[in-house]
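Below is one structure, written out as structure tokens; comments come after it.
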There are 2 protein chains.
Amino acid sequence: MSRRSGILEFAVLGLLRESPMHGYELRKRLNTSLGVFRAFSYGTLYPCLKSLVANGWLAEETGGAPEDARAASLAGRRAKIVYRLTAEGKEHFEELLAHTGPDTWEDEHFAARFAFFGQTSRDVRMRVLEGRRSRLEERLEKMRASLARSRSRLDDYTLELQRHSMESVEREVRWLNELIESERAGRDRRTGPDK
Amino acid sequence: MSRRSGILEFAVLGLLRESPMHGYELRKRLNTSLGVFRAFSYGTLYPCLKSLVANGWLAEETGGAPEDARAASLAGRRAKIVYRLTAEGKEHFEELLAHTGPDTWEDEHFAARFAFFGQTSRDVRMRVLEGRRSRLEERLEKMRASLARSRSRLDDYTLELQRHSMESVEREVRWLNELIESERAGRDRRTGPDK
DNA sequence: TTCGTCATGTAATGGGTTACATGATTAC
DNA sequence: GTAATCATGTAACCCATTACATGACGAA
């Protein structure tokens, strides 16, 4: 029970929905394919997998069909545990995909959600994108305010750092604007009057 | 002893070098003036301050001069503890400022170091900037490689996410290039032949 | 007088890493 | 045969947050 990391749990479920995998491979996918994710260590991943099994969301399949003589002969062989999503797991992931909320627009969480946008319904995508955007706009407001208050007593490097990080945030807002635009365009094409 | 957070310790020492402060104010400065830093909670900050005192790097000054009658009359009054950097603390911070190494070019650590570049010698600044840059270039290489390997089996959203985060990294590299350029220009002005 | 913000602190908990331990398989 | 990488796992630790507890000070 418990040992829920939110992000990791979500990503694991999402990856396994595409196809069953064992832990080691899962970890690679977490770093590479999904790129953005930081590399979770085995010390995090394996216990997480166990807990997902305990919840009934994953099933372990310790390789080799039992009727296979060669498998039996290699008795001492370390089991390569393949995990696959159960029906309950699929259902649970579906729920997670449908969920939107303030936690959803935080940095890491947002990246994880975005990575599975391919499986997400458009209205949920919109809510997440818009939530993220307003979250960033809030952040910008705070930065601008504190900058206005303290600009005078800050040295050049501190100022430059603030300028650069504000620009980064502004850049992400523009990116979100484009994404939201194209989501809307997609909707319009579907529900619009004609053409 | 211990309870060292690296970043927090460094930032606290650096802020207190400018002027003595109490914990509450310190925390505000950590969020606002230095902007980039995430808001450390009191549950992190206060124990950290205690440990810095235990190390002899900070000294506590529980306000009010003792000869002040009013201070004595307000017996029950909650002490407002002002922390100031000791000579040892200053020396220790100097050492931290001079240190460069692989840890120094990681995201959060780098931001903290950059925020105190005003107090850092130019050659150390250069090493940190260049270290950071090569760290990012490494990261770019990995991203490009994994993208090349798996582009085909990734959906549009995953691709877009990777594209955007690569662009972010590339943008930071350009920023670092400019900074390094202007550091070099600064050195040239000083040591160059004339004008 | 009550509410917001200033101000300090602790204990429980969370979420993660590192180091360690083990062993199979593949490539050279 | 030996090194790299595949593969799984545990225990000790680290860093930080949350929730809680306490209380002063100023303004409405």
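Being a predicted model, the structure only gives us computed values, none of them experimental. Lettering of chains follows the sequences in order, A, B, ..., and the numbering in each one begins at 1.
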Legend entry - Toward the 5' end of DNA chain C, by each residue's nearest nucleotide, B/Lys50 or A/Leu45: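 With A/Leu45 and B/Lys50 compared, the 5'-side residue is B/Lys50.
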Inset, instruction - Note the angle between the end axes of the helix from C/dT1-D/dA28 to C/dC28-D/dG1, five pairs defining each, rounded to 10 degrees. - result: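 Between the first-five-pair axis and the last-five-pair axis there is 30°.
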Legend entry - Ring centers of B/Trp105, B/Phe114 separated by less than 6.0 Å: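 Ring-ring flag for B/Trp105/B/Phe114: false, centres at least 6.0 Å apart.
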Considering only [options], which nucleotide approaches the side chain of [X] most closely?
X       : options               : value
A/Phe40 : C/dG9, D/dT8, C/dT17  : C/dT17
A/Pro47 : C/dG9, D/dT10, D/dA16 : D/dT10
A/Tyr42 : C/dG9, C/dT17, D/dG9  : D/dG9

Inset, instruction - Can you measure from CG (A/Leu58) to CD1 (A/Ile81) and round to the nearest 0.5 angstrom? - result: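 So the gap between those two atoms works out to 11.5 Å.
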Inset, instruction - Take the angle between the ring planes of A/Phe117 and B/Tyr157 and call it parallel below 30°, perpendicular above 60°, tilted in between. - result: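 Answer is perpendicular, since the angle exceeds 60°.
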Inset, instruction - Could you check whether the rings of A/Tyr24 and A/Tyr42 sit parallel, tilted or perpendicular, using 30° and 60° as the cut-offs? - result: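 A/Tyr24 and A/Tyr42: parallel rings.
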Inset, instruction - Could you tell me whether B/Arg27 sits above the aromatic face of B/Phe40, with NZ or CZ closer than 6.0 angstrom to the six-membered ring centre and within 45 degrees of the axis? - result: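 No, B/Arg27 and B/Phe40 do not form such a contact.
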Inset, instruction - Return no unless some side-chain N or O of B/Thr44 is found under 4.0 Å from OP1 or OP2 of D/dT17. - result: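 Yes, B/Thr44 has a side-chain N/O under 4.0 Å of OP1/OP2 on D/dT17.
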Legend entry - Short side-chain N/O contact from A/Ser41 to OP1 or OP2 of C/dT17, under 4.0 Å: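 A/Ser41 to C/dT17 OP1/OP2: side-chain N or O found under 4.0 Å.
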Can you tell me how far [atom2] of [N] sits from [atom1] of [X], to the nearest Å?
X        : N      : atom1 : atom2 : result
A/His109 : C/dG16 : NE2   : P     : 11 Å
B/Leu30  : C/dA7  : CG    : P     : 16 Å
B/Tyr46  : C/dA11 : OH    : C1'   : 17 Å
A/Glu61  : D/dT8  : CD    : P     : 14 Å
B/Glu9   : D/dC15 : CD    : P     : 10 Å
A/Leu8   : C/dG15 : CG    : P     : 11 Å
A/Leu49  : D/dA7  : CG    : P     : 14 Å
B/Glu108 : D/dC15 : CD    : P     : 13 Å

Could you pull out all residues at least two apart from [X] that satisfy salt bridge (charged side-chain N to carboxylate O under 4.0 Å, His left out)?
X        : value
A/Lys50  : A/Glu60
A/Glu106 : A/Arg135
B/Asp107 : B/Arg132, B/Arg139

Legend entry - All ring-ring contact (aromatic ring centres under 6.0 Å, His included) counterparts of B/His22, not counting sequence neighbours: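 Testing B/His22 for ring-ring contact (aromatic ring centres under 6.0 Å, His included), a comparison that skips the adjacent residues, returns none.
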Please produce a list of atom pairs where a protein N or O lies less than 3.5 Å from an N or O of nucleotides 4-6 of chain D.
from, atom 1, to, atom 2, distance (Å)
D/dC6, OP2, A/Tyr24, OH, 2.4
D/dC6, O5', A/Tyr24, OH, 3.4

